[in-house]
Amino acid sequence: MIKLGDVFPDFKAETSRGPIQFHEWLGDSWGLLFSHPADFTPVCTTELGRVAQLQGKFEEKNVKLIALSCDGVDTHRKWIEDIKAYSKIEKFSYPIIADEKRELAVQLGMIDPDEKDAAGMPLTCRAVFFIGPDKKLKLSLLYPATTGRNFDEILRAIDSVQLTARYKVATPADWQHGTYCMVLPTVRDDELEALFPKGVEKHAMPSGKDYLRMTPCPQKK
């Protein structure tokens, strides 16, 4: 199982848009790889359609999209027409990886042992891997095959990961881009003025410990 901070495997794969070498395909962009149990399945159809609807928002964040499903390229291409029809979209331009033998799913720890296809083979779970331009894993989520993902939440999490990679802040519960962030505990008080020119608000706590410090979002929304 790949862990946060690990270099993401540089695999070769056939996709609905031709063969790729993953690191070369990613280039200097961020990347979102999300897996699906199988083609022509109901939850997967809604998910891939939703991502296609949101593709412009991912592109604004310099995030390339790539899906994975345990069927072949020809099946993927036929399925895409269903996805477009259901989601009422004209364009579907991100690739779907073909993983018929589950080799990549096994390598990346994406197998759901509780869900099997008609032949008794385990299905791929709904994994999400967010990879940085340095090719390292920055965020991962793992859903069972029966639970569809919320891609608005994934966009929110991407905002946080990209923000905290650049500034010495963390994001609190239910954070939305543009709202207050939290100063990292490792930042000393004598660094606050230089690092956070918009100011820092300290919250007094019953413990007396001075650890909860808020600052306006360093980036404009």
Side-chain angles (χ1 to χ4, degrees), residues 1-4 6 8-17 20 22-23 25-27 29-73 75-77 79-80 82-84 86-87 89 91-100 102-112 115 117 122-133 135-162:
M1 176 78 72
I2 185 169
K3 301 183 293 295
L4 293 179
D6 286 351
F8 205 80
D10 184 22
F11 57 85
K12 291 182 180 179
E14 295 295 328
T15 82
S16 58
R17 298 182 68 83
I20 65 160
F22 185 68
H23 283 192
W25 172 83
L26 187 61
S29 300
W30 299 76
L32 189 77
L33 189 160
F34 51 108
S35 63
H36 299 267
D39 295 0
F40 300 108
T41 51
V43 177
C44 300
T45 299
T46 65
E47 288 191 319
L48 271 78
R50 180 58 177 154
V51 172
Q53 291 170 343
L54 293 169
Q55 185 163 358
K57 292 188 176 182
F58 286 102
E59 290 173 349
E60 288 172 3
K61 304 175 194 302
N62 192 29
V63 177
K64 286 186 173 180
L65 301 165
I66 190 164
L68 178 149
S69 184
C70 292
D71 286 293
V73 168
T75 306
H76 288 350
R77 289 171 178 161
W79 182 33
I80 284 170
D82 282 3
I83 295 167
K84 289 163 62 178
Y86 175 80
S87 303
I89 52 176
K91 184 174 72 170
F92 187 100
S93 57
Y94 63 85
I96 307 175
I97 295 168
D99 193 28
E100 294 174 278
R102 275 65 163 176
E103 291 174 350
L104 192 54
V106 170
Q107 180 184 359
L108 299 177
M110 299 189 296
I111 293 296
D112 185 344
E115 297 293 327
D117 64 14
L123 295 173
T124 305
C125 66
R126 301 185 191 282
V128 177
F129 296 118
F130 185 50
I131 303 110
K135 312 301 185 289
K136 293 182 179 180
L137 181 65
K138 305 299 182 181
L139 177 148
S140 65
L141 298 166
L142 204 59
Y143 290 66
T146 50
T147 300
R149 288 159 285 198
N150 184 326
F151 285 93
D152 291 311
E153 162 58 16
I154 291 170
L155 280 166
R156 187 199 73 87
I158 287 172
D159 280 339
S160 174
V161 171
Q162 292 183 330

* Is H36 reaching over with its side chain to a backbone N or O of T45, donor-acceptor style, under 3.5 angstrom? -> no
* Structure fact -> Output for pair (I80 CD1, S93 OG), nearest 0.5 Å, gives 9.5 Å
* **Approximate separation, where rounding is to 0.5 Å, of R149 CZ and I154 CD1** => 6.5 Å
* E153 vs R156, salt bridge (Lys or Arg N to Asp or Glu O under 4.0 Å): CA-CA, chis, key distance, verdict -> CA-CA 5 Å; E153 162 58 16; R156 187 199 73 87; 2.7 Å; yes
* Approximate separation, where rounding is to 0.5 Å, of I20 CD1 and I66 CD1 -> 3.5 Å
* Would you call the rings of H76 and W79 parallel, tilted or perpendicular, where under 30° means parallel and over 60° means perpendicular? -> tilted
* Structure fact -> Between R17 and F92 the two heavy atoms that sit nearest each other are NH1-O, 3.9 Å
* Is the shortest heavy-atom distance from the side chain of Q53 to the side chain of R50 under 4.5 Å? -> yes
* Considering all heavy atoms, the nearest A67-L48 contact -> CB-CD2, 4.3 Å
* **P9 to I2 - nearest heavy-atom pair and separation** => CD-CD1, 3.5 Å
* So how far is it from L32 CG to F130 CZ, rounded to the nearest 0.5 Å? -> 7.0 Å
* Asked: CZ/F22 to CD1/I97 distance, rounded to the nearest 0.5 angstrom?
  -> 7.0 Å
* Centroid-to-centroid, F58 to Y94, below 6.0 Å? -> no
* Whether Q162 side chain and K61 backbone form a donor-acceptor pair below 3.5 Å -> yes
* To do: Tell me whether the guanidinium CZ or amine NZ of K64 lies under 6.0 angstrom from the six-membered ring centre of W25 and within 45° of its axis.
  => yes
* Side-chain contact, heavy-atom cut-off 4.5 Å: E47 with R126? -> yes
* To do: Would you check if M110 and F129 make a side-chain contact, meaning some heavy-atom pair closer than 4.5 Å?
  => yes
* Short side-chain to backbone donor-acceptor contact, K135 and G27, under 3.5 Å -> yes
* To do: Working to the nearest 0.5 Å, report the span between CG of D99 and CD of E14.
  => 12.0 Å
* To do: Mind listing the closest non-hydrogen atom pair of P37 and S69 along with its distance?
  => C-OG, 4.3 Å
* Exam field: side chain D39 to backbone D71, donor-acceptor pair closer than 3.5 Å -> no
* Would you indicate whether Y86, at its atom OH, is surrounded by more than 12 heavy atoms from other residues, nucleotides or ligands within a distance under 6.0 Å? => no
* What is the minimum heavy-atom distance between A38 and C44, and which atoms define it? -> O-SG, 3.7 Å
* To do: Could you check if a side-chain atom of T147 sits within less than 4.5 angstrom of a side-chain atom of V43, using non-hydrogen atoms only?
  => no
